[in-house]
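Reminder, nothing fancy here: chain letters follow the sequence lines and each chain counts from 1.
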Number of protein chains: 2
Amino acid sequence: MIDRKVTSTHVAALAGVSQSAVSRVFTPGAPVAKATEARVRKAAAELGYRPNVLARAMVSGKTRIIGVMMAYLDNQFYPTALEKLSEALQAQGYHVLVFMASNTREDVDGVLQQILDYQVEGIILASVSLSSDVAARCRAVGVPVVLFNRHQDDKTVSSVTSDNRAGGREVARFLAAGGHTRISYIAGWEGASTQRDREAGFCAGLAEADRDLFARAVGGYDNAATKVAAFTLFNKPEDQRPDAVFVANDHMALIVMDILRFELGLDVPGEVSVVGFDDVPGAAWLAYQLTTLRQRANRMVEATVAALLDQIEDPGAAPYAVRVAAPLILRKSARVPAGWPQSNKRDIP
Amino acid sequence: MIDRKVTSTHVAALAGVSQSAVSRVFTPGAPVAKATEARVRKAAAELGYRPNVLARAMVSGKTRIIGVMMAYLDNQFYPTALEKLSEALQAQGYHVLVFMASNTREDVDGVLQQILDYQVEGIILASVSLSSDVAARCRAVGVPVVLFNRHQDDKTVSSVTSDNRAGGREVARFLAAGGHTRISYIAGWEGASTQRDREAGFCAGLAEADRDLFARAVGGYDNAATKVAAFTLFNKPEDQRPDAVFVANDHMALIVMDILRFELGLDVPGEVSVVGFDDVPGAAWLAYQLTTLRQRANRMVEATVAALLDQIEDPGAAPYAVRVAAPLILRKSARVPAGWPQSNKRDIP
DNA sequence: CAGGCCATTGCATACGTATGCATCCACGGA
DNA sequence: TCCGTGGATGCATACGTATGCAATGGCCTG
């Protein structure tokens with residue numbers, strides 16, 4: 001409570017130099033004599049001085065703050081991603097201002113405004129879409145945006161996703177090759193590109209294998225809705241219920257497995273094969289052993305950070321979309337077709 | 001890319017008033033004539049003007065930023081808490097700057113310095129302890145700190161935890177009353193107050209019930225270590241292995257359940273009762289049905305935000321410690337003693 | 001009608017730092 | 001010895017906003 005704020009002026013006084021000199025000591029590349037630097041650093045240490053990032057930002061225009069907006073934090077994939085994002089950005093000298101969003105459009109836009117108020121240098125939108133006018137607004141003030149795990153045909157924002165279409169397609173091939181005859185799908189939130197792309201790829205894959213989609217229900221990436229979806233699909237006599245289901249993400253897939261086994265008494269994978277998407281930590285737990293498509297979070301984060309920095313460093317750079325391949329991880333929740341290549345990739349994200 | 005930054009001066013020019021007038025329009029409580037306000041707002045809307053939070057912070061000293069440091073994001077309790085914290089603070093007009101920390105002391109201190117560089121108005125440390133000199137430093141610059149889910153005898157920082165001692169004690173009574181004869185404990189990271197308090201309470205409770213601790217191992221809140229702990233404790237003939245185990249948190253407890261059931265082929269709760277601490281989402285999943293002590297995240301968050309705001313608003317206010325009661329949630333992973341009061345609390349956090 | 005009071009507004013300055021420009025000094029070459 | 005050169009430093013200002021103070025105007029009261 002004693003010294004409150006110590007500024008460069010205080011340090012300057014103690015070191016017997018000008019405030020400019022102090023500033024230069026803390027500005028890499030600025031010209032300072034060794035002797036001066038030593039005196040300033042000594043004085044700074046004595047007073048416990050550290051440059052005020054905000055004041056620095058005012059004049060330089062560089063806040064070193066990245067705004068991150070997230071939703072669905074109960075889906076284990078996102079906390080994991082947030083952690084990695086934060087660490088990767090810290091390593092680059094940036095810091096993360098976090099905003100939680102619900103999924104209503106107006107909320108997203110409002111929150112985005114608030115983010116911009118902090119003069120962030122870039123924005124990462126995880127599992128969130130943005131209206132085109134807000135995208136325009138970000139572009140107007142020169143703040144690059146990159147979508148994480150979501151894609152938009154808007155050419156003005158970069159995006160990083162898994163190759164959801166290819167993933168969905170592979171699941172279809174996998175289930176068809178496994179000899180399943182009543183293959184179904186539980187959809188995520190229909191507004192999400194992950195949902196759309198995974199389903200589109202899945203249906204395309206089924207068509208290629210000459211199969212029809214047996215049944216479909218919507219879980220909406222929501223706990224309660226997913227339970228309902230599982231019941232409506234499976235609470236039926238054997239020949240009327242699916243013998244395989246692709247669930248749009250692991251978070252829902254785990255719920256579905258619980259319902260199948262403990263509410264409906266069905267054997268997985270004996271009576272029903274279940275495949276998810278994400279490879280969240282829970283998917284590997286022994287109680288589930290969920291066969292799923294892995295989102296390579298590390299690579300996605302790397303790509304996201306790279307895309308963002310590209311555009312921060314060169315504001316003229318064109319946005320681009322990255323798609324990371326999503327390998328199928330074979331575990332025990334789905335019957336494996338005879339002769340299906342055992343992935344001998346090491347079980348590391 | 002056209003207009004880059006639009007400032008209050010631009011708006012003032014367009015509205016034909018002084019920059020001060022614009023500032024006052026955006027400062028609640030400042031005196032402005034209705035007509036002036038209308039003109040200014042119109043001009044602002046036209047230009048898409050929004051006040052620069054950083055510049056505002058420079059003069060007012062109020063950044064409305066709260067620094068949050070977290071670790072263990074793979075433990076579902078923390079993402080949940082982060083989400084609630086962020087939302088609660090947003091509701092109060094604050095925003096959250098997130099920092100990830102490993103558990104090495106030096107790292108924490110370094111990161112804390114960085115947080116302070118952003119002129120945050122308060123700091124929340126979740127599952128992280130801080131050295132007393134850094135605590136002193138925060139006090140010196142007048143930034144209140146509150147520990148979330150961690151306690152320190154340092155009188156200069158507030159803390160919010162569950163009543164871990166009482167919780168541990170109740171588990172001991174519960175397991176003793178259940179007729180278990182070989183009661184054991186799997187510890188968390190020994191540097192954490194949660195670990196110490198839960199174990200202390202547990203041992204006290206056992207003593208009161210005239211029981212000894214049958215065995216103890218350390219999981220350290222770490223996946224791999226927890227697996228090893230489970231094996232060393234349970235990979236033995238029946239009479240040499242525990243018939244009940246209290247695990248210091250749910251994250252480890254779920255891992256232990258997996259090992260018991262799927263690696264060692266033991267029945268839970270038939271052969272072993274398992275009790276955890278936290279009540280993470282996974283604890284309620286049908287595959288686990290973990291009996292556990294609930295950390296009331298909502299209340300903890302409320303208390304944390306309240307404690308922080310108290311001290312921000314009145315810098316002279318004394319720090320204080322809050323302990324939130326942790327009710328035992330009965331599910332299916334532990335034998336329930338005959339006559340044990342069935343909690344009929346609704347199953348809501 | 002005069003005086004006074006209040007509401008409203010503009011002016012000037014401050015917040016803490018970075019940086020262009022001018023100044024100063026030392027040193028080296030002619 | 002003198003001048004040129006370049007490195008180091010100080011001075012002054014700018015970044016965008018908030019706010020104390022003084023000045024203005026209108027309106028109410030006596």
Anything under 3.5 Å between a donor and an acceptor, one on a side chain of residues 142-151 of chain B, the other on a protein residue two or more places apart or in another chain? List them.
from     : atom 1 : to       : atom 2 : distance (Å)
B:Asn149 : OD1    : B:Gln295 : NE2    : 3.4
B:Asn149 : ND2    : B:Tyr78  : OH     : 2.8
B:Arg150 : NH2    : B:Thr194 : OG1    : 3.3
B:His151 : ND1    : B:Ser159 : OG     : 2.9

_B:Ala88: which residues meet the side chain to side chain contact (heavy atoms under 4.5 Å, CB included) condition with it, sequence neighbours left out?_
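If we apply the side chain to side chain contact (heavy atoms under 4.5 Å, CB included) test to B:Ala88, skipping adjacent residues, the hits are B:Val301, B:Val305.
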*Under the side chain to side chain contact (heavy atoms under 4.5 Å, CB included) test, residues paired with B:Glu87 that sit two or more places apart*: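 If we apply the side chain to side chain contact (heavy atoms under 4.5 Å, CB included) test to B:Glu87, skipping adjacent residues, the hits are A:Met100, B:Glu83.
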Which pairs of donor and acceptor atoms, one on a side chain in residues 20-29 of chain B, lie under 3.5 Å apart (sequence neighbours left out)?
from    : atom 1 : to      : atom 2 : distance (Å)
B:Thr27 : OG1    : B:Ser23 : O      : 2.8

*Sequence neighbours excluded, which residues qualify as salt bridge (Lys or Arg N to Asp or Glu O under 4.0 Å) partners of B:Glu37?*
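Salt bridge (Lys or Arg N to Asp or Glu O under 4.0 Å) list for B:Glu37, sorted by chain: B:Arg41.
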*Of all residues at least two apart in sequence or in a different chain, which pass the salt bridge (Lys or Arg N to Asp or Glu O under 4.0 Å) check with A:Arg39?*
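A:Arg39: no salt bridge (Lys or Arg N to Asp or Glu O under 4.0 Å) contacts found.
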[X] [atom1] to [N] [atom2]: how many Å, rounded?
X: B:Leu47; N: D:dG16; atom1: CG; atom2: C1'; value: 15 Å
X: B:Lys5; N: D:dG16; atom1: NZ; atom2: P; value: 9 Å
X: B:His10; N: D:dC15; atom1: NE2; atom2: C1'; value: 12 Å
X: A:Phe26; N: C:dT17; atom1: CZ; atom2: P; value: 10 Å

*Remember a base hit wins even if backbone is also touched, and classify B:Val22 as base, sugar-phosphate or nothing at under 4.0 Å, heavy atoms.*
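Touches nothing.
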*asked:* Looking at B:Ser8, I'd like to know whether one of its side-chain N or O atoms comes within less than 4.0 Å of OP1 or OP2 on D:dT17.
replied: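 Yes, such a contact exists.
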_Tell me whether the side-chain N/O atoms of A:Ser18 come closer than 4.0 Å to OP1 or OP2 in D:dG10._
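A:Ser18 to D:dG10 OP1/OP2: side-chain N or O found under 4.0 Å.
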_Residues within residues 48-58 of chain A bordering DNA chain D, heavy-atom distance below 4.0 Å_ =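 A:Met58, in order of number.
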*What pairs meet the salt bridge (Lys or Arg N to Asp or Glu O under 4.0 Å) rule with one or both residues in residues 43-63 of chain A, with sequence neighbours excluded?*
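Sorted result for residues 43-63 of chain A: A:Lys42-A:Glu46, A:Arg50-B:Asp117.
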*asked:* Please give me the minimum heavy-atom distance between B:Arg64 and B:Gln92, naming the atom from each residue.
replied: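 Minimum heavy-atom contact is NH2-O, 3.8 Å.
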*What string of B, S and - do you get for nucleotides 19-25 of chain C, 5' to 3', if B is base contact, S is sugar-phosphate-only contact and - is no contact with any protein heavy atom under 4.0 Å?*
BB-----
